[in-house]
Amino acid sequence: MPNSLPLHCRVCGLPQLTPPWGDDGKSPTFEICDCCGTEFGYDDATPAGITRARARWKASGFQWFTASARPEGWNADAQLPGQQHGS
Ligand SMILES: [Zn+2]
């Protein structure tokens with residue numbers, strides 16, 4: 001999996017309908033992730049911000065910002081970016 005995931009939330013890895021940072025990766029939409037509640041272009045603007053937002057989301061027990069958008073049987077570990085399984 002490539003490092004750049006233009007369609008995925010940088011914090012939780014949820015695929016978005018539109019690229020959170022725009023087609024050029026520099027034009028954040030400032031929309032809120034349904035999953036972790038990150039505001040694109042704000043919470044995820046820096047690596048430290050991403051780490052902080054992810055820690056906050058983790059501390060909440062991976063609660064969905066929009067609970068109704070949570071798929072049945074959803075698993076945070078399977079979705080989180082940068083998780084290497086079996087290596
Ligand atoms: Zn997210």
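Numbering starts at 1 and runs along the sequence shown. Keep in mind that what you see is a predicted model, and the values were worked out from it rather than measured. Each ligand, and each atom within it, is numbered from 1 in the order the structure gives.
Protein contacts to the Zn ion (ligand 1) involving N, O or S atoms at a distance below 2.8 Å are Cys9 SG, Cys12 SG, Cys33 SG, Cys36 SG.
Take Thr51 and apply the side-chain hydrogen bond (donor to acceptor under 3.5 Å, both in side chains) test, not counting sequence neighbours, and it matches no residue. The side-chain hydrogen bond (donor to acceptor under 3.5 Å, both in side chains) test applied to Trp21 returns Asp44, not counting sequence neighbours.
Crowding of Asn75 atom CG: a count of heavy atoms from other residues, nucleotides or ligands under 6.0 Å exceeding 12.
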For residues 26-36, dump all side-chain donor-acceptor pairs below 3.5 Å to protein atoms at least two apart in sequence or in another chain.
residue, atom, partner, partner atom, Å
Ser27, OG, Asp24, OD1, 3.0
Ser27, OG, Asp24, OD2, 3.1
Thr29, OG1, Glu31, N, 3.3
Asp34, OD1, Thr66, OG1, 3.1

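Leu80 is not listed as a side-chain neighbour of Lys58, based on a closest heavy-atom distance of 4.5 Å or more.
Rounded to the nearest 0.5 angstrom, Phe62 CZ and Trp74 CH2 are separated by 7.0 Å.
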